[in-house]
Amino acid sequence: MTAEHDLSENLARYRKARDLSQEQLAEAAGVGVDTVARIEQGTRTTTRPATLRKLSRALGVTVADLLGVPATRRAVDLDVTELRHAITAIDDLPGMAFAEPQEVVPLQHLTAAAHATWRAYVDGRHDELLHSLPAVLADARRLARAAEGDEKAGAHRVLSTAYRLGAGLAGRMGFDDLAWSSAERALEAARHSDSPQVETAISLRYLAWTLVRQGRVDEAEHVAVRAAEQIQPMMLDRDGTRAGVFGNLLFNAATAAVTAGRLERADDLLAEAQAAAVRARADSASEAAIFGPRVAALQLIDSTARAGDPEKALHLASTVPEARGEVPAFWEAGHRLRLAAASIQLRQDRQALRYLAEASDLAPDWVRTQPLGEAVMRRLVERAPRRLGPSFARLATHFGVVPGAS
């Protein structure tokens, strides 16, 4: 695509995303309406730098954005320095320790702090999480070093949870190597916890998820399946935690299999997870797992869409059971994003927009970090034949298709 075509298409896209007519943009930029029209039509092959600056200022974007010049994008516009320090600190290395044995927090208070941090994670409150998680990691490290007996094992359980949250947050922001380091440390802490089998299985789930993100799908499937075999509940086992961890591990293994093109294998893994979900009877969400009949049904739809069958995915969506218990908002929002992507593939643009709006309402902070939402919204803006109103413009801004108004 030529630079002229980039400019014409980008100008029209940003204008519609801002809910401006050609006349309104021309007036805001202080240029002639015929200038805007000719640029968008591609009949104007050169544009003065001053005109580009005026148009970019009126739209709240950069000249590079208008021209389609690739920019070096940060994984997220958040400072991860403290999180990186907390995850990678080494107590025995001078200058890198952060868990000196003073100001030791009691295990009960530490457990409550870790739970609050987990809530911030599932709600997608990343600013809050980046502020609070390093402190939880430091406090858990201190207690794990200072305590004895059962309290020491409990501190390692909380420490494993905190490292898992570090892995999840780092992965969401695109720092896959940091996510791997945190998942490894979660696994080590789990082995010293007061529930080593369960905590190890949970940590292996995060490790498998990180392997998928790194493209190491064969290893991811192997790790997840082996861990599931170790934690698999028996037929009459009513331990909801074990069932949830088992099911989540199979979700990870199925995602790896789909990514590798092993669709029948993925179907088998998800069928086993669904059987466990039926026995669980209710949906639940905890630091250990998010699992249940509705959760398993949503995971099947996600796998179907990833496998390239959007029509089947949308059909399955009409058969999903209502939640019985808790399904986190971010999980429901992710489901809507997947349905929006399936709808856009079938050129059901109005339906795709509705799903994006639902996702934004369910988990507004979380969806901003999801590339899938931005990709679908970008396609909708590009396809829009005209302005589609302020609600459409707000969603375009929310999903990052255009920068927020300054």
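Because only heavy atoms are used, hydrogens play no part in the values below, and waters and symmetry mates are left out as well, while side chains stay in.
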Side-chain donor-acceptor pair present, [X], [Y], cut-off under 3.5 Å:
X	Y	result
Arg164	Ser203	yes
Gln24	Arg18	no
Arg394	Ser391	yes

Would one find more than 12 heavy atoms of other residues, nucleotides or ligands at under 6.0 Å from atom [atom1] of [X]?
X	atom1	value
Arg226	CZ	no
His192	NE2	yes
Arg379	CZ	no

Review point. Do Leu207 and Trp180 have side-chain heavy atoms sitting under 4.5 Å apart?
Key: yes
Exercise for review: Check whether any side-chain heavy atom of Leu52 sits under 4.5 Å from a side-chain heavy atom of Leu7, and report yes or no.
Suggested key: yes
Practice item. Could you tell me whether Arg265 and Asp268 make a salt bridge, using a distance below 4.0 angstrom between a side-chain N and a carboxylate O? Key: no
Review point. Under 4.0 Å between a Lys/Arg side-chain N and an Asp/Glu carboxylate O for Asp176 and Arg216?
Key: no
Check your understanding: Under 3.5 Å, side chain of Gln299 to main-chain N/O of Asn248, donor-acceptor pair present?
Key ->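 Not at all, since once roles are kept as given, no pair shorter than 3.5 Å links the two residues.
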**Study point:** Ring center gap for Phe291 and Phe246 short of 6.0 angstrom
**Key:** no
Study note, to complete from the structure: d(Gln345 CD, Leu314 CG) to nearest 0.5 Å is 9.0 Å
**Study point:** Point-to-point distance, once rounded to the nearest 0.5 Å, from CD of Glu332 to CZ of Arg294
**Key:** 4.0 Å
Revision key, fill the gap. On a heavy-atom basis, the closest approach of Glu382 and Lys16 is O-NZ, 3.9 Å
Practice item. Using the salt bridge (Lys or Arg N to Asp or Glu O under 4.0 Å) rule, pick out the option among Glu23, Glu40, Glu9 that qualifies with Arg15. Key: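 Option passing the salt bridge (Lys or Arg N to Asp or Glu O under 4.0 Å) with Arg15: Glu40.
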Practice item. Find out whether the Lys NZ or Arg CZ of Arg205 is both under 6.0 angstrom from the six-membered ring centre of Phe251 and within 45° of the ring's axis. Key: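 No, Arg205 does not sit over the ring of Phe251.
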